[in-house]
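Each remark here refers to the structure printed beneath this line.
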Amino acid sequence: MEEKNVIVIGAGFSGLSAATSLADRGYKVTVLEKNSTPGGRARSYSAQGFTFDMGPSWYWMPDVFESYFRKFGKSTADYYDLKRLDPSYTVVFGEDDFVDVPASLDELKALFEHWEPGSAQQLHKFLEQAAYKYEVGINQLVYKPGRSVTEFMNLRLLLDVLRMDVFQSFHKHIRRFFSHPRIIKLMEFPILFLGALPENTPALYSLMNYADISLGTWYPMGGMHKIIEGMVQLAEEKGVTFNYSQDVQEIQVHAGVATRVVTATGVFEADVIVASADYHHVEKNLLPAQYQSYSDTYWDSRVMAPSSLIFYLGISKRLNNLRHHNLFFDEDFGPHAREIYTNPKWPAKPLFYVSAPSVTDPSVAPAGCENLFILIPVAPGLQDTEEIREKYYNLVMDRLEKLTNQEIRQSVVYKRSYAHNDFIHDYNAFKGNAYGLANTLLQTALLKPALKSKKVKNLFYTGQLTVPGPGVPPSLISGQVVAAEVAKEYRTPVST
Ligand SMILES: Cc1cc2nc3c(=O)[nH]c(=O)nc-3n(C[C@H](O)[C@H](O)[C@H](O)COP(=O)(O)OP(=O)(O)OC[C@H]3O[C@@H](n4cnc5c(N)ncnc54)[C@H](O)[C@@H]3O)c2cc1C
C-alpha cells in the first residue's frame, strides 16, 4: 500500500497533535505554518530578558497532557518539569480583600464552610458528580468525532449523557448547591474558559470545577511554551517535517478532491489535508466558493468565544501582593458579561486577569524583575485602535496599583499590547477571536462545524473551532480525534 502524503495547515496545539498522531500511524506528514515559530496562539517570544507566553497560561487537566505523551511511549517528564501551584490562584474582590484558593481540598472546604455553613459537605457532593462528568466527558465524549448521532447510541453512554445534566444550565446547577456570592463567583470562574455565560453553558461543564479543584493548577517550568517545544520534538522524532513562514493561500480542489496546497512561496501535493488554522479562514479564504460547507449567514450566527486585550509587561522590580495567577473580580461580572455576549462593546468596568509567572519561575524575567501578562476578555469583532488599548492600559494599571497597593507604571521597562487586529493578522482569526467557538449547548458535539468537510472528500478540520472545543486540552484531543478519522478513511501500511 502506498504511503499517503498528509499536509497539516498550522502548528498550534491541534495541528501538532494531529501531525504526530498521523506520523505515528505511518503517514508522511508535512506541516505548513504561516508564522516563523510553532505554537499558534501558544507561541512565546523574548524581549529585553523577559520571556512571554503569548496565549495560554493555565495548565489544567494534567491527565490529558500525560495521556497524549503516553500514547507515543513518552511522558510529560521527558519534555518538561511540571510544578503544582499552591495557592492555585488568588481572587481579588477589592482593596485588602482577596482570597488565595488553596491547592488542598480540605483547606478549600474550610474556606467554603467559613463563608457558608454546610457548604463543605455540599462541595463534597458537587465534586462527586463533577468527577463522574469528568470521567465520562473527558475519557469518552470528547474523543467522539461528532459525525453522527449513532456515536452516542450505546445504552450506557446514553444513560451517562442523561445523568450528566446536558440540558440544565450551569448557572442553575451551581445555585442548587451554594448561595454565598463568593462561592458562586469562584465556582463560575472556570466556566469562563469555555467562552460562554454560565446561563448558556450546560451543567455538564461542572467537570471544569473538578479539573480546577481536584486535579489542580500546574505550571511547566520555563513557561507554557515548553509544552509546544516538547510536542515539536516528539513530532520530529516521529518523522513530521515542519515548514515555517509558509502562509497557505489556496487549497486546490478537482472534482471534490483536494490535490494541492499553495503557499506564498511553494506548492505542496497532498493526498489528505488536515486544516488546523481557524475553520472560517480555511473555508472562506482558501477554498473555492462551491467547496465551502458553511455560508456567511451560518458563520455570522455562531457564538464566538471572546477576544482579548492583552498587555505583556516587563517590570524592573519585584512586585508585592501578586501570586502566579490573579483574578481581579473587584467589579460586577454581570455588566462586563453583557458587554461581551449580549451587547458587544468595549466594557465600562472590566474584570481582568494578571499572570505573573516570574513569581514561580525566575527564568522568565531578569533577576530582580517581574514578568506580567494582563488580559481583559472582550467581545470579538470590536474596533481595535491604539487609543482604545491605551485607555484600557491606564484603567487596568490604576486598578492594579490600587488593589496591590504599590506603584507599577514607573517601573515598566517593556510593554506590548495585543488585541483583535493582532489575532487577525497573526492567526487569521474570525472577528479577532482569541478562543475559537463558544461551548454553548447549541454548539456542542454534532452541532459544531464538522471535523470533515461536507464538500471536499479528503479535507479534514481540527482545532478550537471544531470538536471538542476551545482550550489547550481540547485542542490536543481534537488533533487525535481527527487523526483517527483520517485513518478510518485513508489506510496506510501501519494502520491496515
Ligand atoms: C490569550 C489566550 C489565552 C488563553 N489561555 C488559555 C489557558 O490559560 N489555558 C487553556 O487551556 N487554553 C487557553 N487558551 C486557548 C488555547 O490557547 C487555544 O484553544 C489553543 O491554543 C488553540 O489551538 P489550535 O491549534 O486550535 O489553534 P492555533 O493555536 O490558532 O493554531 C492554528 C495555527 O494555524 C496557523 N495558520 C492560520 N492561518 C494559516 C495559513 N493560512 N497558513 C498556514 N498557517 C496558518 C496559525 O498561525 C496557527 O499557528 C488561550 C488562548 C488565548 C488566545
Side-chain angles (χ1 to χ4, degrees), residues 7-19 31-43 52-62 64-65 89 190 192-195 208 211 217-219 224-225 227-228 231 242-251 261-264 268 273-282 284-286 305-312 325 353 355 373-378 380 418-420 422-430 432-437 439 461-479 482:
I7 300 285
V8 174
I9 303 174
F13 273 106
S14 63
L16 291 172
S17 164
V31 176
L32 303 176
E33 165 57 53
K34 81 183 269 291
N35 291 311
S36 58
T37 55
R41 282 161 165 91
R43 286 180 303 154
F52 296 100
D53 275 319
M54 295 185 71
S57 54
W58 296 81
Y59 190 106
W60 274 12
M61 305 186 180
V64 173
F65 296 85
Y89 48 95
L192 302 182
F193 278 116
L194 304 165
M208 292 293 285
T217 301
W218 299 75
Y219 174 76
M224 295 292 279
H225 197 259
I227 318 166
I228 294 290
M231 288 178 72
F242 286 90
N243 292 287
Y244 298 108
S245 305
Q246 289 285 351
D247 189 357
V248 174
Q249 300 188 334
E250 185 187 355
I251 296 174
V261 176
V262 182
T263 71
F268 297 80
I273 296 171
V274 176
S276 82
D278 277 35
Y279 204 124
H280 171 272
H281 162 67
V282 176
K284 293 288 156 197
N285 302 332
L286 307 186
S307 186
S308 303
L309 170 57
I310 301 167
F311 297 101
Y312 307 100
H325 295 295
Y353 158 64
S355 172
F373 165 99
I374 302 180
L375 181 148
I376 309 172
V378 290
Y418 199 94
H420 305 72
D422 301 290
F423 283 109
I424 294 167
H425 176 268
D426 289 354
Y427 310 119
N428 292 310
F430 181 46
N433 81 78
Y435 318 102
L437 202 69
N439 260 346
Y461 292 88
T462 184
Q464 61 175 2
L465 276 84
T466 179
V467 286
V472 172
S475 299
L476 268 184
I477 292 168
S478 184
V482 81

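Both ligands and their constituent atoms are indexed starting at 1 by order of listing.
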Please check whether [X] reaches ligand 1 - meaning an N/O of the residue sits under 3.5 Å from an N/O of the ligand, judged on distance alone.
X      : answer
Ala434 : no
Val248 : yes
Asn428 : yes
Tyr435 : no
Gly471 : yes
Ser308 : no

Going by atom types alone, do [X] and [Y] pair a side-chain donor with an acceptor below 3.5 Å?
X      : Y      : result
Tyr219 : Ser57  : no
Asn35  : Asp247 : no
Ser478 : Thr462 : yes
Tyr427 : Asp422 : no

Compare [options] and give the one whose heavy atom is closest to [atom].
atom                    : options                       : answer
atom 1 (C) of ligand 1  : Ile9, Leu309, Leu286, Ile310  : Ile310
atom 2 (C) of ligand 1  : Gly55, Pro306, Ser307         : Gly55
atom 41 (N) of ligand 1 : His325, Gln464, Met54, His281 : His281

Among all the protein's non-hydrogen atoms, which is closest to [atom], and how far away is it?
atom                    : result
atom 43 (C) of ligand 1 : Lys34 N, 3.3 Å
atom 30 (O) of ligand 1 : Arg41 NH1, 2.5 Å
atom 47 (O) of ligand 1 : Glu33 OE2, 2.7 Å
atom 24 (P) of ligand 1 : Ser14 OG, 3.5 Å
atom 12 (N) of ligand 1 : Val472 N, 3.4 Å
atom 13 (C) of ligand 1 : Pro56 CB, 3.6 Å

With a 4.0 Å cut-off on heavy atoms, is [X] touching ligand 1?
X      : value
Ser17  : no
Ser276 : yes
Gln249 : no
Gly39  : yes
Val282 : no
Tyr59  : no

* Nearest heavy-atom neighbours spanning Met54 and Phe373 -> O-CE1, 3.6 Å

* To do: Please work out which of the three classes, parallel, tilted or perpendicular, describes the rings of Phe430 and His280, given edges at 30° and 60°.
  =>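 Plane angle under 30°, so parallel.
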
* To do: Just jot down the ligand 1 atoms closer than 4.0 angstrom to any heavy atom of Ser475, in number order.
  =>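 Answer for ligand 1: 19 (O), 20 (C), 22 (C), 23 (O), 26 (O).
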
* Check ligand 1 against Leu32 and write out every atom of the ligand that is under 4.0 Å from a heavy-atom position of the residue. =>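 Matching atoms, with element in brackets: 43 (C), 44 (N).
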
* **side chain to side chain contact (heavy atoms under 4.5 Å, CB included) partners of Asn439, counting only residues at least two apart** => Leu194, Tyr205, Lys448, Pro470

* For Ala434, check side chain to side chain contact (heavy atoms under 4.5 Å, CB included) against everything at least two apart and list the hits. => Ser308, Phe423

* Determine whether the aromatic ring centres of Phe65 and Tyr59 lie less than 6.0 Å apart. =>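 When the ring centroids of Phe65 and Tyr59 are compared, they turn out to be within the sub-6.0 Å range.
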
* To do: Applying side chain to side chain donor-acceptor pair (under 3.5 Å) between Thr217 and each of Tyr89, Trp60, Trp58, report the one that passes.
  => Trp60

* Please state which part of Leu465 comes within less than 4.0 Å of ligand 1, counting heavy atoms only: side chain, backbone, both or neither. => neither

* For side chain to side chain contact (heavy atoms under 4.5 Å, CB included), just list the numbers for His425 and His420, CA-CA rounded to whole Å, side-chain angles, deciding distance to a tenth of an Å, and then say yes or no. => CA-CA 9 Å; His425 176 268; His420 305 72; over 6 Å; no

